[in-house]
Amino acid sequence: SSVLYYERYHPLEDIYHWINKTTHDHPEMVEVILIGSSFEKRPLFVLKLSGKGRSQSKRAMWIDCGIHAREWISPAFCIWFVHYAITYYSKVPDITEILDSMDVYVLPVMNPDGYKYTWTTNRMWRKNRSWHPGNYCPGTDLNRNFDANWCTEGSSSRACDETYCGLFPESEPESEAVANFLRSHKQTLKLYLSIHSYSQMLLFPFSCTYQEASNHDELNELAQEAAQNIRRYYRNNYRYGAGAKTIYLAPGGSDDWAYNLGIKYSFTFELQDRGRYGFLLPPEFIPKACKEALTGLKTIALGVIKKT
Ligand SMILES: NCCCCC[C@@H](C[SeH])C(=O)O
Ligand SMILES: [Zn+2]
Ligand SMILES: [Zn+2]
């Protein structure tokens, strides 16, 4: 049954099949967009969710999942969210208001090569699987490859390190594809979300510097409200704050870059758990982790709709 489908992790081929089936089964709400391909030439598909009015909304939001291969709860959430949106649109008020106000672009697996690799070879792989001539190891950390204080403290210039920044900003086909899409949609995009795990945090710019964002108080208020709602409904604690001081210095990140592009509401979610299972979160935890992430997403999206 479909409920079970959304409470387990899926191998890459399964996710591509699901993307095709979902687009085919719900043409009135779902459109698939090919935004580029990975180093190993796998397609990067974005699902565009629109309210049935398909009023060519002037506003949109973006959610990417699976930047880091081992964070399996992240793609699981994007898939779960698309199913939730399709199932409850026009039935539940808040998701209906979101989709009637903004189109939602969802990239379920931003790093398909790495994700595949965690299923076949190394469950703890983080980076993509690109190979640059002369480098001693494969893989760039896609969340250190964007043009935001690129390759400064908090990332590494050594190819074998987990936070290797790449040859230059957007040196990777995956980050280049996302940056190109965001650049070409920057007039309509009002909210950027990047889904990761683990440590239960709601983070916002900047992570690439200790400097505060110009709308720091607004971002902090949205994150605080989201964390409060997660606590209220699910009795679980999420920390929140600017990335640099809440988690660690992390330059070259997609959220900081999107913020500097002009998407002034930009967040990175670190989902469950706090470290007991870490990246190996058992499938039984998928529903609760996704409901918590949904509550955070709804709180922030509804807040952004009121402001923009
Ligand atoms: N853009 C940096 C946000 C803060 C760090 C996020 C984590 C997710 Se695993 C990281 O990329 O190390
Ligand atoms: Zn991550
Ligand atoms: Zn993380």
Side-chain angles (χ1 to χ4, degrees), residues 6-10 63-81 84 108-111 114-115 118-119 122-127 141-144 154-155 161-163 192-208 210 216 219-251 253-256 266-301:
Y6 294 94
E7 309 199 349
R8 57 177 59 128
Y9 298 115
H10 295 279
I63 310 168
D64 60 58
C65 290
I67 281 192
H68 291 138
R70 62 190 177 193
E71 300 164 13
W72 283 13
I73 187 60
S74 172
F77 171 66
C78 268
I79 292 165
W80 185 92
F81 173 75
Y84 174 89
V109 190
M110 181 164 155
N111 175 13
Y115 185 70
T118 59
W119 279 77
N122 177 353
R123 177 67 181 79
M124 292 303 279
W125 190 256
R126 170 181 166 96
K127 305 188 287 181
D141 183 347
L142 295 174
N143 213 22
R144 301 295 185 277
S155 62
D161 286 350
E162 288 286 36
T163 57
Y192 174 88
L193 291 183
S194 187
I195 310 298
H196 291 252
S197 78
Y198 62 91
S199 59
Q200 293 177 200
M201 291 181 182
L202 307 176
L203 304 166
F204 50 82
F206 290 106
S207 300
C208 64
Y210 286 105
H216 171 89
L219 295 173
N220 195 63
E221 214 172 289
L222 284 167
Q224 178 182 49
E225 199 188 337
Q228 277 168 351
N229 284 338
I230 294 170
R231 224 159 88 80
R232 178 178 306 141
Y233 299 129
Y234 300 104
R235 320 226 61 67
N236 205 359
N237 293 315
Y238 281 63
R239 292 181 56 210
Y240 60 90
K245 69 177 183 338
T246 308
I247 189 167
Y248 36 60
L249 263 184
S254 58
D255 53 357
D256 287 354
S266 180
F267 296 82
T268 292
F269 285 12
E270 287 267 42
L271 303 188
Q272 283 197 26
D273 59 11
R274 303 290 288 265
R276 175 145 184 262
Y277 296 103
F279 304 116
L280 310 183
L281 191 71
E284 305 81 70
F285 291 76
I286 293 176
K288 188 158 179 286
C290 289
K291 287 170 189 165
E292 290 168 3
L294 178 69
T295 298
L297 183 155
K298 283 180 174 179
T299 308
I300 290 171

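Applying the ring-ring contact (aromatic ring centres under 6.0 Å, His included) test to every pair with at least one member in residues 274-297, sequence neighbours left out, gives these pairs: Tyr198-Phe279, Tyr277-Phe285. Within the structure, side chain to side chain donor-acceptor pair (under 3.5 Å) contacts touching residues 279-291 (residues at least two apart or in different chains) are Lys288-Glu292.
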Under 3.5 Å, sequence neighbours excluded: what are the donor-acceptor pairs made by side chains of residues 220-229?
from	atom 1	to	atom 2	distance (Å)
Gln224	NE2	Tyr240	OH	3.2
Asn229	OD1	Arg232	NH1	2.8
Asn229	ND2	Thr299	OG1	3.0

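No side-chain donor-acceptor contact under 3.5 Å links Asp161 to the backbone of Thr163. Within the 3.5 Å criterion, the main-chain N or O of Gly243 finds no donor-acceptor partner in the side chain of Thr246. The backbone N or O of Ser254 lies less than 3.5 Å from a partner atom in the side chain of Asn143, making a donor-acceptor pair. Side chain of Asp256 to backbone of Cys208: a donor-acceptor contact under 3.5 angstrom is found. In this structure, Asp273 contributes its side chain and Gly278 its backbone to a donor-acceptor pair below 3.5 Å.
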Steps toward side-chain hydrogen bond (donor to acceptor under 3.5 Å, both in side chains) verdict (Ser207, Tyr248)
CA-CA 7 Å; Ser207 300; Tyr248 36 60; over 6 Å; no

Show, in sequence, the C-alpha distance, side-chain angles and deciding distance for His196 and Leu271, and conclude whether the side-chain contact (heavy atoms from CB on, under 4.5 Å) test is met. CA-CA 6 Å; His196 291 252; Leu271 303 188; over 6 Å; no

Practice problem: Check the pair Asp64, Ile195 against side-chain contact (heavy atoms from CB on, under 4.5 Å), reporting the backbone distance first and the verdict last. | Solution: CA-CA 6 Å; Asp64 60 58; Ile195 310 298; 5.9 Å; no

**Chi angles and distances behind the side-chain hydrogen bond (donor to acceptor under 3.5 Å, both in side chains) call for Asn237, Arg231** = CA-CA 6 Å; Asn237 293 315; Arg231 224 159 88 80; 3.2 Å; yes

Exercise for the section: In sequence, state the C-alpha distance, the side-chain angles, and the governing distance for Ile79 and Tyr6, and then conclude on side-chain contact (heavy atoms from CB on, under 4.5 Å). Expected result: CA-CA 7 Å; Ile79 292 165; Tyr6 294 94; 3.5 Å; yes

Could you walk me through whether Phe269 and Ile300 pass the side-chain contact (heavy atoms from CB on, under 4.5 Å) check?
-> CA-CA 12 Å; Phe269 285 12; Ile300 290 171; 3.8 Å; yes

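Side-chain contact, Ser266 with Asp255: no donor N or O sits under 3.5 Å from an acceptor N or O.
In plain terms, the two heavy atoms of Asn111 and Ala69 that are nearest each other are ND2-N, 3.8 Å. The heavy-atom pair separating Cys78 from Pro108 by the smallest distance is CB-CA, 3.8 Å. Of all non-hydrogen atoms in Pro251 and Gly154, the two that sit nearest each other are CD-C, 3.4 Å. Nearest approach of Trp125 to Gly114, heavy atoms of both residues: CD1-CA, 4.2 Å. Between Leu142 and Ile67, the shortest heavy-atom contact is CB-CG2, 3.9 Å. Closest approach of Ile230 and Thr295 over heavy atoms only: N-CG2, 4.0 Å.
The shortest side-chain heavy-atom distance between Leu294 and Trp80 falls under the 4.5 Å cut-off. Counting only heavy atoms from C-beta outward, the side chains of Glu270 and Gln200 never approach each other to under 4.5 Å. Contact of the Leu280 side chain with the Arg123 side chain is registered, since non-hydrogen atoms from C-beta on lie closer than 4.5 Å. Leu281 is not listed as a side-chain neighbour of Ser197, based on a closest heavy-atom distance of 4.5 Å or more. Between Trp119 and His10, every side-chain heavy-atom pair lies at or beyond the 4.5 Å cut-off.
In this pair, Tyr84 and Phe81 present their aromatic rings parallel. The plane angle is below 30°, not in the 30 to 60° band.
Atom CG of Leu202 sits about 11.0 Å away from atom CZ of Arg239, to the nearest 0.5 Å. Put simply, CD on Glu7 and SG on Cys290 are 9.0 Å apart, with the number rounded to the nearest 0.5 Å. Taking CD1 of Ile63 as the start and CE of Met110 as the end, the distance is 14.5 Å to the nearest 0.5 Å.
For Arg276, the CZ atom sits in a loose shell: 12 or fewer heavy atoms of surrounding residues, nucleotides or ligands are nearer than 6.0 Å.
Residues Tyr9 and Trp72 place their aromatic rings such that the two centres sit under 6.0 Å apart.
Evaluation of the ring-ring contact (aromatic ring centres under 6.0 Å, His included) rule for Phe204 yields His216 as partners, not counting sequence neighbours. Residues meeting the salt bridge (Lys or Arg N to Asp or Glu O under 4.0 Å) test with Asp141, sequence neighbours left out: Arg126, Arg144. The side chain to side chain donor-acceptor pair (under 3.5 Å) check on Arg274 picks up nothing, with sequence neighbours excluded.
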